[in-house]
Amino acid sequence: MIEMQDVWKAYPDGTPALREVSIKIDRNEFVYVVGPSGAGKSTFMKLIYREEKPSKGQIFVNGFHLGKLKQRKIPFVRRNIGVIFQDFRLLPQLTVYENVSFAMEVIEAPKKQIKKRTMEVLDLVKLKHKADSLPSQLSGGEQQRTAIARAIVNNPSVIIADEPTGNLDPETSAGIMRLLEEINFRGTTIVMATHNRDIVNSMRKRVVAIEGGTIVRDEQRGEYGYEI
Amino acid sequence: MIEMQDVWKAYPDGTPALREVSIKIDRNEFVYVVGPSGAGKSTFMKLIYREEKPSKGQIFVNGFHLGKLKQRKIPFVRRNIGVIFQDFRLLPQLTVYENVSFAMEVIEAPKKQIKKRTMEVLDLVKLKHKADSLPSQLSGGEQQRTAIARAIVNNPSVIIADEPTGNLDPETSAGIMRLLEEINFRGTTIVMATHNRDIVNSMRKRVVAIEGGTIVRDEQRGEYGYEI
Amino acid sequence: MKFRTLARHLREGCLNVIRNGWMSFASASAIAISLFVLGVFLLLVMNVNNLASELENTVEIRVHLDVVVPEEQIASIQNEIGKIPGVSKITFVSKEEGLDLLKERLGEENEDIIEGYEGDQNPLNDSFTVKVDEPRNVEAVAGQIEAINSGQSPPPIVKVQYGEGYVEKMFAVTNMIRYVGIGLVIGLAFTAMFLISNTIKLTIISRRREISIMKLVGATNPFIRWPFFVEGAMLGIIGAAIPVLVLYFGYGAIVEQSQVELGLMMLQLLSVDQIGWKVFGSLLGIGVLIGIWGSMISVRKFLKV
Amino acid sequence: MKFRTLARHLREGCLNVIRNGWMSFASASAIAISLFVLGVFLLLVMNVNNLASELENTVEIRVHLDVVVPEEQIASIQNEIGKIPGVSKITFVSKEEGLDLLKERLGEENEDIIEGYEGDQNPLNDSFTVKVDEPRNVEAVAGQIEAINSGQSPPPIVKVQYGEGYVEKMFAVTNMIRYVGIGLVIGLAFTAMFLISNTIKLTIISRRREISIMKLVGATNPFIRWPFFVEGAMLGIIGAAIPVLVLYFGYGAIVEQSQVELGLMMLQLLSVDQIGWKVFGSLLGIGVLIGIWGSMISVRKFLKV
Ligand SMILES: Nc1ncnc2c1ncn2[C@@H]1O[C@H](COP(=O)(O)OP(=O)(O)OP(=O)(O)O)[C@@H](O)[C@H]1O
Ligand SMILES: Nc1ncnc2c1ncn2[C@@H]1O[C@H](COP(=O)(O)OP(=O)(O)OP(=O)(O)O)[C@@H](O)[C@H]1O
Ligand SMILES: [Mg+2]
Ligand SMILES: [Mg+2]
């Protein structure tokens, strides 16, 4: 489903972010990506939905060879990947409802279905009452939940979640984790970067630890592992 | 030091965010503000450094009566308050170094002192090696640490920290918390909104819980208190 | 593209005009004010060119006949001149009429000089006044008229005059006026285009992040481009409609108002009908095209995400 | 403000021009192109006004004396006319010279009419040609000249002429040219100011968030405003210097180039020295002022945080 072969990444300013990364993530897996701040977790995930290109190495996602993909085809790869960005990336001029429905308009879904599904998803993240608010009128956690709603609205086959509970209280976080687990159970691959020890340790899944740009640990049903 | 008397806040679009909030925070206190997403924690803190004005009620900070303060005097109140914003609010065109030194230039500190102190603070948050990077070239956690550095650089008498560890791994978080504790120990009042149960429970301080816009709990040496 | 998607793009494009309130206002007013200036100059230059043409049309050829030429020959010469290509009008001016014209030219002050020249004493000759289609051909036509003399003796035509020297100078001036005018309008058109697209670029550059987010959510380039396309067209229409309306009614009012005043000076502005929808239509067209073009080139930059 | 803070503001202002690369370019080029257009029209209008003035200066008064006026009286009349305020030049035209002038006016074609009028047969009278300082006063001066007759009999002045009718018409035309010219330049100046400040506003609106962050970090309004002030001035200087240089050298070249061509038509462009640093200096001044002003009004909006 997702495969990286000896991937290296250096940013244009020369910062080395990833080196020698090889990994295979199967359909329907749930993978936590952990590691210290600046280790390369976000970079690792940006490579998957092709926000960044690797400096070296091959990446395959859903059968597409990203390195050989024509520019025009990229949107179609992304449509099967729901991304929860670490910095949310909501469209500032659109309401919560519009931000979420936008992802469905992109795939030209029928209007009625858009409306039904969007409200359904907003209900799942408990934001129905904020449907008409603009991102600037939301609290940090509400913005994060909007980003979550947008990522799952299209039932993508892969969800990339970069620190999806960073701005949420433990109770809401638990709700979101239950939601992601259920989505995973229904067949979606989930790759989630997190700093939340409680979540990793209580919901045991595969754990990939990145440090200094390289994978230092990869265990099934692992734990967070960094002790204070 | 900080006092609110029957403060209410509704946003211009009508959203009620705070009601009947009265609280007194003494010099040198360390206060955790906890509560679910959208409870009003950030609003509570925005009132202190006057990003928002209360709809009703009085607020006193460092002896200033905010409601009666002339527009021109506001900057001088803010200079004694170091704020770590939930969304960082770094100046996008300035490097990490410039973002931090900016807060010192504002108070017209001597150039030499600016350089020395800025590097010192960057060292404290372990970002010396990123001094010349722009915010867009940083990881989430690095941006957050830049925001922390800026907040503490002027040795303010009050630090307002809105979710300062949301994007940090537990180890880095612990480092930041030790730093804040030390700053508090040296006489700075700290008001910190957080969702991090571990931190609250391991570093016992005063806990103010906000729910639905009102203070529901206020205990010395309290704990996080929300069980999953 | 599905129809509902097209409908969505139209809706979004129009909504964006409203959502970007301040920015839209800035763009539309840049379009409006640039096209207004362009329009004013277009009208000005058209009127000046019209005056220049009227001036050129005063050019005529005077053909002086010998006193001895009999009436039948006069008619045949008139006939021959009429056959020369480019000649548009021939008027016979008898010597009596010539004297009257001369009197007029001398003015009250000196008219006593030609006292006593009436009737048989008239020293002038009969002549033709010949107008040509195209003032620039006057020299050639004059040459052909002179050629009528050839082979006839005594030559019936004494002199062919068309204001040599003066005419060339006038053409130089009217040509200069035309070139300067056209140069100014073209220059202004490019300036307007630059300023408008500059403004639109600025409004779109501030939406760079938005565009990149859309792309990351899986939007194709056309999907992102379409609403901008509609938005650009809307801004163009709004921005161009204002100056077109102002110019249409404003110019109409000026023409009417100035009719009496200018009439005294024998001048006349082109009527709104003469200016016609060519001008107003092209202003509108330019506005819409630049609106679309400006949006498109600016958006394209940010689509490579 | 401490000196080091001022130095900081200067440095930051200049750095911001570079940091905002694209935006700075957009602003500076909007200033450059707007001022260039303004400058071109300013030069054009000044030249046209100059031509109009030259045209006006051709106005003169002809004072015809009675044939019987003796020479001593001619001198005393000349003296009296010279005393009239506003008269700048008096030329005596004897009847012989008058005849030559008339010959010229009639042209080759009709000059035989006045054959035989030479010498004693000359039917014309002696006359004065009077020039006035201010062409607009010509009517009043003419009146005063006529008043010399009063109390003298026979009246020595037969007729005072200054092209009544024609002169008024010419003034109407030259006035219109002036008003249209000044109107265009003022209109263009406002347009330029609007377009420039519009562009600057757009570049600053995208920095609204930045300004609010600065305020939240404790910056005072002047502290935020100063670098913008410097930045606006820099953009103004850069943006204005370009058209000023282009116009200065370009116009100089055009003046030189066209000297021969236009000389043939008795026309002459104002020289660069005549245009002087007034024009170029004021363009530069306008640029800098709009740059600063545009920045200031835009920033002020966002300072209320
Ligand atoms: N656009 C960029 N240009 C240059 N360097 C970058 C860029 N983005 C990230 N980096 C650098 O690459 C390294 C890895 O960044 P990345 O965002 O992947 O870290 P991360 O593991 O997500 O950290 P965090 O937990 O703080 O979000 C960091 O040192 C960061 O400074
Ligand atoms: N600018 C605004 N305009 C309108 N409503 C707002 C605005 N900012 C916040 N709100 C609303 O006010 C309420 C409280 O927001 P606040 O940001 O204080 O929450 P919070 O406790 O900080 O939540 P979180 O933990 O998610 O950051 C929320 O319902 C939010 O939607
Ligand atoms: Mg990250
Ligand atoms: Mg908050």
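Side chains included, hydrogens not; waters and symmetry mates left out as well; all remaining heavy atoms used. Numbers restart at 1 for each chain; the letters A, B, ... are given by sequence-line order, proteins then strands.
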Can you spot which of B/Arg79, B/Lys73, B/Arg72, B/Arg78 makes a side chain to side chain contact (heavy atoms under 4.5 Å, CB included) with D/Thr220? B/Arg79

Heavy-atom count check: over 12 atoms from other residues, nucleotides or ligands less than 6.0 Å from [X] [atom1]?
| X | atom1 | value |
| --- | --- | --- |
| D/Glu256 | CD | no |
| D/Phe190 | CZ | no |
| D/Phe249 | CZ | no |
| D/Gln257 | CD | no |
| D/Arg136 | CZ | yes |
| B/Lys126 | NZ | no |
| D/Phe194 | CZ | yes |

Is the shortest side-chain N to carboxylate O distance from D/Arg19 to B/Glu98 below 4.0 Å? yes

For the residue pair B/Phe102 and D/Met214, what are the closest heavy atoms and their distance? CZ-CG, 3.4 Å

Which atoms form the tightest heavy-atom contact between B/Lys111 and D/Arg4, and what is the distance? N-CD, 4.3 Å

With rounding to the nearest 0.5 angstrom, report the [atom1] to [atom2] distance, [X] to [Y].
| X | Y | atom1 | atom2 | value |
| --- | --- | --- | --- | --- |
| D/Arg8 | B/Ile114 | CZ | CD1 | 8.5 Å |
| B/Arg89 | D/Glu210 | CZ | CD | 13.5 Å |
| D/Asn16 | B/Gln93 | CG | CD | 6.5 Å |
| B/Leu91 | D/Arg207 | CG | CZ | 10.5 Å |

With a 4.5 Å heavy-atom cut-off, do B/Arg150 and D/Ile213 have their side chains touching? yes

Which atoms of B/Ile107 approach chain D - backbone, side chain, both or neither, heavy atom under 4.5 Å: neither

